[in-house]
Amino acid sequence: SSSDLLSGLREERLDIAFIRSGLADTEGLTVSAQNIYNPFGRDFDAIYRRLVEFGRRTTRQDAHTFHLTAGLDGDLPAAAGWLSGWSWDLAFNYNRNEVTEIKTGNLRIPKLQDALGPSFVDMTGTPRCGTPGMAIDGCVPLNLFGGPGSITQDMVDPLTFTGVARGYNELIGAQANFSGELFRLWAERAVGLAVGYEFRSVGGGLIPDPITNAGETTGNKSSITEGSYKANELYGELNLPVIDKLPAVETLEMIVAGRGSF
């Protein structure tokens, strides 16, 4: 009959098409044949419907950056003996960036599956998720098969959540450098030496909300990620003048340098 044909076409259209562009296809959700709003008496694992009743998906970020740099430099006095006149400098820097990200408009997958699963109408005429004797508290069956207005606010509220993620990056660094002249060879310029030490501590992390961390959101999923490392470095550079101010060669020098990390 024409009504059977129409029903078959409607069923086929529903079958090839799920919430927010194929959510069921990627998240494994199923609209149960026992859902009170499912008129077809069969399960569906692919349905398209734009959930305009849930409002927009939004992301808001609040970022704070702190930067501190300090340094000292000078020359060693005559009391330093053979190191007199050597230059020194000390530097310290601290950088930290913190971001709080607030997301709204995404759905909780386990609660969404409950709302699309078996449901019934209790003795008071109230739609309930689950089955008689095993109702799911705090769950309202979701109507995907009605027209505009079929998804009411009491259906929306249990399924949405506000996710708050926190992330940070941190860098701590310190340096100490010394340089000066050691002695003179045959060239007019003295043998020069520069030595130094550098410390770095680098860390960062992303701590999403528990729902996102558990992978129970219809938005981008992410896990808690944190890491850090520390580095200590020593360096030395020796400058050896070989030839200085000759007719054919203005300056010839040899530089030996090394750097090590631990």
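For the side chain to side chain donor-acceptor pair (under 3.5 Å) test, residues two or more places apart in sequence or in another chain that qualify with Asn93 are Asn95. Contacts of Thr104 classified as side chain to side chain donor-acceptor pair (under 3.5 Å), with partners at least two apart in sequence or in another chain: Thr58. A search for side chain to side chain donor-acceptor pair (under 3.5 Å) contacts involving Glu170 returns Tyr94, Arg96, not counting sequence neighbours. Residues meeting the side-chain contact (heavy atoms from CB on, under 4.5 Å) test with Ala80, sequence neighbours left out: Leu76, Leu83. In this structure Thr225 satisfies the side-chain contact (heavy atoms from CB on, under 4.5 Å) test with no other residue, sequence neighbours excluded.
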*asked:* Using side-chain contact (heavy atoms from CB on, under 4.5 Å), reason through Leu112 and Leu142 one step at a time and then give a plain yes or no.
replied: CA-CA 8 Å; Leu112 180 57; Leu142 182 62; 3.6 Å; yes
*Walk me through it: do Val99 and Asn169 pass the test side-chain contact (heavy atoms from CB on, under 4.5 Å)?*
CA-CA 9 Å; Val99 175; Asn169 291 294; over 6 Å; no
*asked:* Is there a side-chain contact (heavy atoms from CB on, under 4.5 Å) between Thr59 and Ile102? Walk through the geometry before answering.
replied: CA-CA 6 Å; Thr59 299; Ile102 302 174; over 6 Å; no
*Dump the intermediate steps for side chain to side chain donor-acceptor pair (under 3.5 Å) on Asn97 and Thr65, then the final yes or no.*
CA-CA 4 Å; Asn97 178 264; Thr65 298; 2.7 Å; yes
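For residues 195-217, the set of pairs meeting the salt bridge (charged side-chain N to carboxylate O under 4.0 Å, His left out) definition, not counting sequence neighbours, comprises Arg108-Glu216, Glu198-Arg200, Glu198-Arg259, Arg200-Glu233. Pairs passing the side-chain hydrogen bond (donor to acceptor under 3.5 Å, both in side chains) check and including a residue from residues 141-151, sequence neighbours excluded, read Arg49-Ser150. For the salt bridge (charged side-chain N to carboxylate O under 4.0 Å, His left out) condition, no pair includes a residue of residues 62-89, sequence neighbours left out. Among residue pairs with one or both ends in residues 115-126, those qualifying as salt bridge (charged side-chain N to carboxylate O under 4.0 Å, His left out) are Asp122-Arg128; sequence neighbours excluded.
Interatomic distance, CH2 of Trp86 versus CD of Glu181, reported as 9.5 Å (0.5 Å rounding). The distance from atom NZ of Lys221 to atom CG of Asn106, rounded to the nearest 0.5 Å, is 9.0 Å. From Leu116, atom CG reaches atom CD1 of Ile109 across 11.5 Å, with rounding to the nearest 0.5 Å.
Geometric assessment of Arg42 against the ring of Phe44 yields a positive cation-pi assignment under the 6.0 Å and 45° thresholds.
No side-chain heavy atom of Arg60 sits under 4.5 Å from any side-chain heavy atom of Thr100.
Counting side-chain heavy-atom gaps under 4.5 Å among Ile, Leu, Val, Met, Phe, Trp and Tyr, the cluster of Ile224 also holds Tyr168, Ile207. In this structure, Leu234 shares a hydrophobic cluster with Tyr197, Phe199, Phe262, the cluster being traced through Ile, Leu, Val, Met, Phe, Trp and Tyr side chains under 4.5 angstrom apart.
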Exercise answer: donor-acceptor pairs, residues 153-166 side-chain atoms, under 3.5 Å, sequence neighbours excluded:
{"unit_1": "Gln153", "atom_1": "NE2", "unit_2": "Asp157", "atom_2": "OD1", "d": "2.6"}
{"unit_1": "Asp154", "atom_1": "OD1", "unit_2": "Thr152", "atom_2": "OG1", "d": "2.2"}

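Side chain to side chain, His67 and Thr69 meet the donor-acceptor criterion of an N or O pair below 3.5 Å.
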